[in-house]
Amino acid sequence: MIQRPERQSAAQKAVFTTVTVIAWLFWVFLWLPLVTLGAWAFGLRNAWVQLHVNRLGDGGDISIVFICALVCALVFTSWSGYNYRRFAGKQKRRGNLPVGVAETAAAIGATTDDALRMQGHRRAVVSVAQDGFMTVDDAR
């Protein structure tokens, strides 16, 4: 197993990508009989025969299905266009106001010195006294 892919050469990456794509295509190919069985079970072939093959003269039913599909496509395309025009280029969230060390210390019930110690280290061992205030036992 390669633990550091950035050390691979371009040729190794290309070979690995090609082998992966071929394996995925073969895996999908193995599922085709089951997909076909599912399509038959859900009546897709029967729907095709009833809507198109048996009605070659007027084509009325397939036209209705086509019109419904076109209307659905237009509705969803218009809705996505509306949302794009409404939200494109806008900031998704409002920014938070910065909170100072003193406010943070007051919110967690610690002293400003303890808050500065916790902020300056990656890990801190904190204990809570009976009165609910925090103290920093160890900061590393």
Side-chain angles (χ1 to χ4, degrees):
M1 299 295 294
I2 296 173
Q3 300 296 327
R4 311 264 330 247
E6 66 272 5
R7 291 184 176 177
Q8 281 184 312
S9 68
Q12 287 175 324
K13 287 180 183 180
V15 168
F16 183 73
T17 302
T18 304
V19 169
T20 302
V21 167
I22 290 170
W24 276 107
L25 288 174
F26 182 69
W27 186 83
V28 169
F29 174 75
L30 290 176
W31 280 95
L32 282 179
L34 189 61
V35 170
T36 304
L37 179 65
W40 277 87
F42 285 113
L44 293 179
R45 183 183 183 283
N46 190 30
W48 172 258
V49 168
Q50 294 298 322
L51 291 174
H52 185 67
V53 176
N54 290 342
R55 311 248 182 196
L56 287 177
D58 60 356
D61 290 341
I62 196 75
S63 299
I64 291 171
V65 171
F66 178 71
I67 289 170
C68 288
L70 186 62
V71 167
C72 288
L74 287 173
V75 166
F76 287 118
T77 302
S78 333
W79 181 254
S80 66
Y82 164 75
N83 280 327
Y84 179 77
R85 282 188 298 280
R86 182 175 174 199
F87 297 113
K90 295 185 180 171
Q91 186 177 359
K92 294 189 188 318
R93 296 188 174 119
R94 295 184 196 111
N96 295 330
L97 297 174
V99 179
V101 175
E103 292 88 4
T104 304
I108 64 173
T111 65
T112 306
D113 293 333
D114 286 343
L116 285 170
R117 281 180 56 203
M118 285 190 289
Q119 186 180 29
H121 295 87
R122 292 183 71 184
R123 289 179 282 184
V125 177
V126 178
S127 61
V128 180
Q130 292 294 331
D131 57 359
F133 290 104
M134 297 174 63
T135 57
V136 177
D137 296 336
D138 182 31
R140 296 180 232 155

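Residues forming a side-chain hydrogen bond (donor to acceptor under 3.5 Å, both in side chains) with Thr111 (at least two apart in sequence, or on another chain): Asp114. By the ring-ring contact (aromatic ring centres under 6.0 Å, His included) test, Trp31 is found to be paired with Trp27, residues two or more places apart in sequence or in another chain being considered. Not a single side-chain contact (heavy atoms from CB on, under 4.5 Å) links Ser78 to another residue, sequence neighbours left out. The ring-ring contact (aromatic ring centres under 6.0 Å, His included) check on Tyr82 picks up Trp79, with sequence neighbours excluded.
In the hydrophobic cluster analysis, where Ile, Leu, Val, Met, Phe, Trp and Tyr join through side-chain heavy atoms closer than 4.5 angstrom, Met118 is grouped together with Val128. Hydrophobic cluster membership is shared by Val28 and Leu34, with clusters built from Ile, Leu, Val, Met, Phe, Trp and Tyr side chains linked at under 4.5 angstrom.
Clustering of Ile, Leu, Val, Met, Phe, Trp and Tyr by side-chain heavy atoms under 4.5 Å joins Tyr84 with none of the others.
Under the side-chain hydrogen bond (donor to acceptor under 3.5 Å, both in side chains) criterion, no residue pair touches residues 15-25, with sequence neighbours excluded.
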